[in-house]
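So that the names make sense, note that chain A is the first sequence line, chain B the second, and so on, each numbered from 1.
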2 protein chains.
Amino acid sequence: MALGKDYATQECSIARALEVVGERWTLLVVRDALYGVRRYNDFLVHLGIPRAVLAARLQALTAEGILEKRRYQQSPPRDEYVVTERGIALWPTLRSLGRWGREHFGEEQLRIFRHTGCGTELGAYGECPACGTFVPAPDVLMVPGPGLDPDPADPVSRALLRPKRLLEPIDTGQV
Amino acid sequence: MALGKDYATQECSIARALEVVGERWTLLVVRDALYGVRRYNDFLVHLGIPRAVLAARLQALTAEGILEKRRYQQSPPRDEYVVTERGIALWPTLRSLGRWGREHFGEEQLRIFRHTGCGTELGAYGECPACGTFVPAPDVLMVPGPGLDPDPADPVSRALLRPKRLLEPIDTGQV
DNA sequence: CTGGTCGGTTCAATCAATGAACCAAGGGTG
DNA sequence: CACCCTTGGTTCATTGATTGAACCGACCAG
């Protein structure tokens with residue numbers, strides 16, 4: 001039970017996946033990483049997660065190759081967590097999960113995802129209905145939907161109000 | 001915190017979804033329900049889950065409208081848990097999650113999903129590459145893959161070795 | 001009456017999450 | 001230099017969830 005979860009008796013890829021990303025908060029961290037969040041403090045204020053848990057999740061995700069820790073300035077030394085290919089590969093799953101959440105429990109659309117360029121809203125698992133192809137994460141444009149609070153408290157949520165592509169680092173407007 | 005998880009500060013359909021199905025074991029229960037498991041004892045032996053947790057999850061999933069408890073015999077009174085439309089709607093998400101798990105952490109294929117009739121293996125989120133359409137759960141044929149233990153201990157795993165459609169109730173061969 | 005099955009509930013022990021406090025390496029300002 | 005600030009953590013006591021074993025009750029079969 002390397003990871004604090006073990007679905008050891010399960011012969012199943014779903015169980016295997018959940019061992020990696022099934023813990024509380026983990027998928028939300030990955031979601032934020034796809035949205036362009038990279039820094040410890042940004043995850044912290046945006047998720048409202050306890051510091052100890054965040055540190056543990058970032059470390060675990062890094063160990064699993066879903067995030068990559070890298071130094072973005074030498075002095076003072078500062079690291080950021082950047083989502084890897086393996087993490088980006090979770091985008092269709094998260095898209096599909098979010099879609100299910102909204103269709104069955106949400107009312108209004110909170111975020112709208114479009115195919116950059118063609119502008120068409122994505123289908124259920126991240127494909128472009130107009131082009132008929134899967135849209136890779138960097139070509140997904142995220143814009144705020146009608147249900148989203150137009151004046152959120154934390155700077156990360158505020159930065160996420162601006163239309164932006166997935167993976168593109170957020171700009172919190174701070175230093 | 002109605003559900004033991006609250007991602008209350010999150011304005012996000014993914015967070016909303018995870019409040020419902022994000023707890024430990026929950027998605028595996030839904031997976032089993034899609035595979036045709038319906039009875040308390042079958043979930044129990046197949047998942048290796050503590051009884052108290054299983055009871056809690058079944059109740060929560062029923063309350064959320066993902067499973068439906070219904071009496072299948074009067075005497076002695078016996079209930080089964082059948083997956084609803086809302087639960088079936090999780091199929092593409094689970095498919096996509098399992099696919100990710102196998103591609104990034106698995107070696108061999110454990111279960112293969114085909115489009116009934118046409119026989120084509122499903123794509124990443126449950127569509128048929130040959131037909132170009134999404135394959136509804138009842139038309140998905142599940143067959144064991146090369147990585148699956150050919151002689152598992154519990155009767156549910158044994159029943160799942162037979163090719164069967166999703167949702168079709170399993171037959172454990174018991175009374 | 002006895003034993004067995006099914007579908008649970010109860011309970012003590014363990015494990016994980018939470019939130020507040022603390023810490024340390026650097027700046028930046030005066 | 002003194003002081004405070006930012007970033008990215010760690011530590012720790014409290015609370016909450018999970019676990020596994022034991023128990024329970026309705027029913028049936030012999």
Side-chain angles (χ1 to χ4, degrees), chain A residues 1-9 18-19 22-29 32 37-62 67 69-82 154-156 170 172-175, chain B residues 1-10 18-19 21-29 32 37-62 67 69-82 154-156 170 172-175:
Chain A
M1 95 171 171
L3 271 163
K5 318 207 95 179
D6 66 325
Y7 296 123
T9 68
L18 287 173
E19 283 182 16
E23 284 174 302
R24 186 144 158 67
W25 295 112
T26 302
L27 277 177
L28 293 184
V29 172
D32 270 18
V37 176
R38 295 185 167 189
R39 290 159 66 159
Y40 184 91
N41 252 293
D42 289 342
F43 284 108
L44 200 67
V45 301
H46 189 232
L47 293 170
I49 182 179
R51 308 175 77 90
V53 177
L54 176 59
R57 294 296 180 273
L58 289 174
Q59 210 182 340
L61 285 169
T62 303
L67 300 181
K69 186 174 186 168
R70 70 177 181 215
R71 185 137 303 184
Y72 67 91
Q73 79 181 23
Q74 288 301 333
S75 175
R78 291 281 181 265
D79 297 320
E80 60 183 4
Y81 294 89
V82 185
D154 73 282
V156 178
I170 59 160
T172 54
Q174 299 178 324
V175 182
Chain B
M1 118 168 151
L3 272 160
K5 317 206 95 177
D6 66 325
Y7 296 123
T9 68
Q10 296 298 310
L18 287 173
E19 283 182 15
V21 296
E23 284 175 302
R24 186 145 158 68
W25 294 111
T26 303
L27 277 177
L28 293 184
V29 172
D32 270 17
V37 177
R38 295 184 168 190
R39 291 160 66 158
Y40 184 92
N41 251 292
D42 288 342
F43 285 109
L44 200 67
V45 302
H46 190 231
L47 293 171
I49 181 178
R51 306 176 78 88
V53 176
L54 176 59
R57 295 295 182 274
L58 289 174
Q59 209 182 341
L61 285 169
T62 304
L67 300 181
K69 185 174 187 168
R70 71 179 182 213
R71 184 136 303 182
Y72 68 90
Q73 80 180 22
Q74 289 300 333
S75 178
R78 290 281 183 263
D79 297 320
E80 60 184 4
Y81 295 90
V82 184
D154 73 283
V156 178
I170 60 161
T172 54
Q174 298 178 323
V175 182

Within the 4.0 Å limit for protein heavy atoms, which parts of nucleotides 20-27 of chain D are touched? Write it as a string from 5' to 3', B for base, S for sugar-phosphate only, - for none.
B-B----S
B:Arg38 has an atom CZ; how far is it from atom P of C:dG7, in whole Å?
13 Å
C:dC6 P sits how many Å from B:Tyr72 OH, rounded?
8 Å
So does B:Pro76 get a backbone contact from the side chain of B:Gln73, meaning a donor-acceptor N/O pair under 3.5 Å?
yes
Quickly work out the B:Arg71 CZ to C:dC6 P distance and round it to whole Å.
16 Å
With sequence neighbours left out, write down each residue that passes side chain to side chain donor-acceptor pair (under 3.5 Å) with A:Arg70, or none if nothing qualifies.
none
A:Phe43 near the nucleic acid: base, sugar-phosphate alone, or nothing, with a heavy-atom cut-off under 4.0 Å?
nothing
State which of C:dT9, C:dA17, D:dT19 makes the closest approach to the side chain of B:Tyr40.
C:dT9
Measure CH2/B:Trp25 against P/D:dT18 and give the value in whole Å, please.
11 Å
Per A:Asn41 side chain, nearest of listed nucleotides D:dG9, C:dT9, D:dT7
D:dT7
Taking only residues two or more places apart in sequence or in another chain, which ones pass side chain to side chain contact (heavy atoms under 4.5 Å, CB included) with B:Asn41?
B:Leu44
Sequence neighbours excluded, which residues qualify as side chain to side chain contact (heavy atoms under 4.5 Å, CB included) partners of B:Val156?
B:Val37, B:Asp42, B:Val45, B:His46, B:Asp154, B:Leu160, B:Ile170, B:Thr172
To the nearest angstrom, how far is A:His46 atom NE2 from D:dG8 atom C1'?
19 Å
Rounded distance in Å - OH (A:Tyr81) to P (D:dG8)
8 Å
Working to the nearest 0.5 Å, report the span between CZ of A:Arg38 and CZ of A:Phe43.
9.5 Å
Expressed in angstrom and rounded to an integer, what is the separation of A:Asp79 atom CG from D:dT7 atom P?
14 Å
Provide, to the nearest angstrom, the distance between the CD atom belonging to B:Gln73 and the P atom belonging to C:dG7.
9 Å
Side-chain donor-acceptor pairs of residues 52-62 of chain A under 3.5 Å, sequence neighbours excluded:
from, atom 1, to, atom 2, distance (Å)
A:Arg57, NE, A:Arg24, O, 2.9
A:Arg57, NE, A:Thr26, OG1, 3.3
A:Arg57, NH2, A:Arg24, O, 3.3
A:Thr62, OG1, A:Leu58, O, 2.6

Side chain of A:Arg39 - closest among D:dG9, D:dG8, C:dA17:
D:dG8
Under the rule for side chain to side chain contact (heavy atoms under 4.5 Å, CB included), what residues qualify as partners of B:Pro77, not counting sequence neighbours?
B:Arg71
